[in-house]
Enquirer: 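Please find one structure pasted underneath; my questions will follow.
Protein chains get the first letters and strands the later ones, always in sequence-line order, with residue 1 at the start of each.
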Number of protein chains: 2
Amino acid sequence: MNEKPAIAEIVDLLSKKWVMRIIWELRAGPLTFRQLQSACNDLSPTVLNNRLKLLRDAQLALNDPSRGYTLTDMGRDLLEVYKPLNQWAIAWQAAKNDTPETRRPR
Amino acid sequence: MNEKPAIAEIVDLLSKKWVMRIIWELRAGPLTFRQLQSACNDLSPTVLNNRLKLLRDAQLALNDPSRGYTLTDMGRDLLEVYKPLNQWAIAWQAAKNDTPETRRPR
DNA sequence: TTGTTTGCTACTGATAAAGTAGCAAGGTGT
DNA sequence: ACACCTTGCTACTTTATCAGTAGCAAACAA
């Protein structure tokens, strides 16, 4: 039924611009379409709508008309999985900005 | 020195097409430019070269002329961080393809 | 009615990615 | 020297993706 390995499928989805950001912005609770828009640097409704459709199809988010767009349980799980990446990223950013070329001698 | 939070910076990088795939293809050891190309579905040298530059700048990969392109220690660490995502993805793919709409009644 | 907010679409312009051809540098073998 | 490779890479063109703007219909409120 699935042509692709699961990891390839999710990497494809998360490689699309704004997808991870949208999930991130929904971390604290539901947001309306327009709230999401302004949370994501006023991205165009064209792209936002497209991404929300992808996220709904992937069952990572859904639209509860009375509350707004919300993460599903799976969406929240994905955020949990991403937490270690945050730790790694902090160490990475510090390390890559402290290289022989850019570091001044002491 | 850094305008962006580390997590935003790495999400930006990993959101670019082929970046994660390239890291993945280097998991087992060095590959030459052309080996990487064919490993990544014959992607154009234009994009591959661009991505390799990004990865070199991010110090996740480097080019050892005698061996080919290789992951740095940080690059390998990133792969480690991604392992849980693989587990999550398998469960996610199974769950999302077993929904009330697409599932036939028994 | 008038006004507001909702999700969303249509249309246009800009940017990123892909496809193809080919080059210069370095090695290898004759 | 020569003709061959493979290397990383660039130039150029086409196509896909993303962004910006305007605005609509539905739902509700004053």
Side-chain angles (χ1 to χ4, degrees), chain A residues 3-4 7-72 75 101, chain B residues 3-4 7-72 75 101:
Chain A
E3 334 93 55
K4 281 187 190 180
I7 184 69
E9 199 176 333
I10 194 63
V11 163
D12 264 17
L13 179 58
L14 298 182
S15 287
K16 293 208 175 276
K17 208 166 172 181
W18 295 112
V19 167
M20 202 57 224
R21 172 69 174 272
I22 290 169
I23 294 174
W24 174 250
E25 295 297 344
L26 292 176
R27 68 193 181 285
L31 293 177
T32 68
F33 190 95
R34 279 177 159 80
Q35 284 173 328
L36 256 180
Q37 240 188 306
S38 51
C40 296
N41 218 298
D42 284 322
L43 89 162
S44 67
T46 319
V47 178
L48 178 55
N49 189 41
N50 176 288
R51 294 309 185 267
L52 286 173
K53 177 160 173 30
L54 291 176
L55 287 171
R56 269 179 276 144
D57 290 351
Q59 300 189 28
L60 297 175
L62 50 84
N63 187 13
D64 175 348
S66 61
R67 292 178 195 167
Y69 282 93
T70 324
L71 289 181
T72 62
E101 311 92 77
Chain B
E3 334 93 55
K4 282 188 188 178
I7 184 68
E9 198 175 334
I10 194 64
V11 163
D12 262 17
L13 179 58
L14 298 182
S15 286
K16 293 207 175 277
K17 209 165 172 182
W18 296 111
V19 168
M20 202 56 224
R21 172 70 174 271
I22 291 168
I23 294 174
W24 174 251
E25 295 297 345
L26 291 177
R27 69 193 180 286
L31 293 176
T32 67
F33 191 94
R34 280 177 158 80
Q35 284 174 326
L36 256 180
Q37 241 189 305
S38 51
C40 295
N41 217 296
D42 283 323
L43 90 161
S44 66
T46 320
V47 177
L48 178 54
N49 190 40
N50 175 290
R51 293 309 183 269
L52 286 172
K53 177 161 173 32
L54 291 176
L55 287 171
R56 268 177 277 145
D57 290 351
Q59 300 188 30
L60 296 176
L62 50 83
N63 187 12
D64 175 347
S66 62
R67 292 178 196 167
Y69 283 93
T70 323
L71 290 180
T72 62
E101 312 92 75

Enquirer: Look at atom CZ of Arg67(B) and say whether more than 12 heavy atoms of other residues, nucleotides or ligands are closer to it than 6.0 Å.
Expert: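 Incorrect, the count does not exceed 12.
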Enquirer: How does protein reach along nucleotides 9-26 of chain D, written 5' to 3' as B (base within reach of a heavy atom under 4.0 Å), S (only sugar-phosphate), or - (no contact)?
Expert: BBB------SBBBB----
Enquirer: So, using side-chain hydrogen bond (donor to acceptor under 3.5 Å, both in side chains) as the criterion, who are the partners of Asp42(A) when residues are at least two apart?
Expert: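 Per chain and number, Asp42(A) pairs via side-chain hydrogen bond (donor to acceptor under 3.5 Å, both in side chains) with no residue.
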Enquirer: Output the distance between atom OG1 (Thr72(B)) and atom CG (Leu26(B)), rounded to the nearest 0.5 Å.
Expert: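 So the OG1 of Thr72(B) and the CG of Leu26(B) are separated by 10.0 Å.
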Enquirer: Could you go step by step and tell me if Lys4(B) and Asp12(B) meet the side-chain contact (heavy atoms from CB on, under 4.5 Å) rule?
Expert: CA-CA 10 Å; Lys4(B) 282 188 188 178; Asp12(B) 262 17; 2.4 Å; yes
Enquirer: Can you tell me how far P of dG8(D) sits from CG of Leu31(B), to the nearest Å?
Expert: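 After rounding, the reported distance stands at 10 Å.
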Enquirer: Given the ring of Trp24(B), does Arg27(B) sit roughly above its face, with NZ or CZ under 6.0 Å from the centre of the six-membered ring and within 45° of the axis?
Expert: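 Yes - Arg27(B) lies over the ring of Trp24(B), closer than 6.0 Å to its centre and within 45° of its axis.
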